Amino acid sequence: MCSTNPITVHSWFPDTANKEFISLQAAIEYAAEHVDELPAIEILIRTGARRYVIIWGDQLAALITRVCVLHRGKASQGH
């Protein structure tokens, strides 16, 4: 899923950079790189003027699991 609005991966830890993406998949993959910091990470999807959908906690963990499993499945099909 690509968006015209940036999707932000926000971390409350000062050592983890916040990053913006145009793809929800890319944002989830970036969050997965910091899975050990998951309680302090959220994904902010802009839906309009000052409105966001926020994905965090168990929901974010489930998405990370789903995206990583799908990514591994596609990678193994290529070998």
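Please read these numbers as outputs of a predicted model, since none were measured by experiment. The basis for the numbers below is simple: all heavy atoms, side chains too, and nothing from hydrogens, waters or symmetry mates.
Between the S23 side chain and the Q25 main chain, a donor and an acceptor come within less than 3.5 Å of each other.
Within the structure, no pair that satisfies the ring pair (Phe, Tyr, Trp, His ring centres under 6.0 Å) test touches residues 35-62, not counting sequence neighbours.
With sequence neighbours left out, the side chain to side chain contact (heavy atoms under 4.5 Å, CB included) criterion links I28 to L24, I43, L63, I64, V67. With sequence neighbours left out, F13 forms a side chain to side chain contact (heavy atoms under 4.5 Å, CB included) with S11, T16, E37, A40.
L38 and F21 fall within a single hydrophobic cluster, where Ile, Leu, Val, Met, Phe, Trp and Tyr side chains are chained together by heavy-atom contacts under 4.5 Å.
For D58, the CG atom is loosely surrounded, since the number of other residues' heavy atoms within 6.0 Å does not exceed 12.
Here the CD1-CD1 distance, from I54 to I45, works out to 10.0 Å after rounding to the nearest 0.5 Å. A distance of 12.0 Å separates OG1 of T8 from NZ of K19, quoted to the nearest 0.5 Å.
Taking both residues in full, the closest heavy atoms of E20 and P6 are given as OE1-CB, 3.5 Å, listed atom of the first, atom of the second, then distance. Contact between I41 and L60 at its shortest, heavy atoms only, is O-CD2, 3.7 Å.
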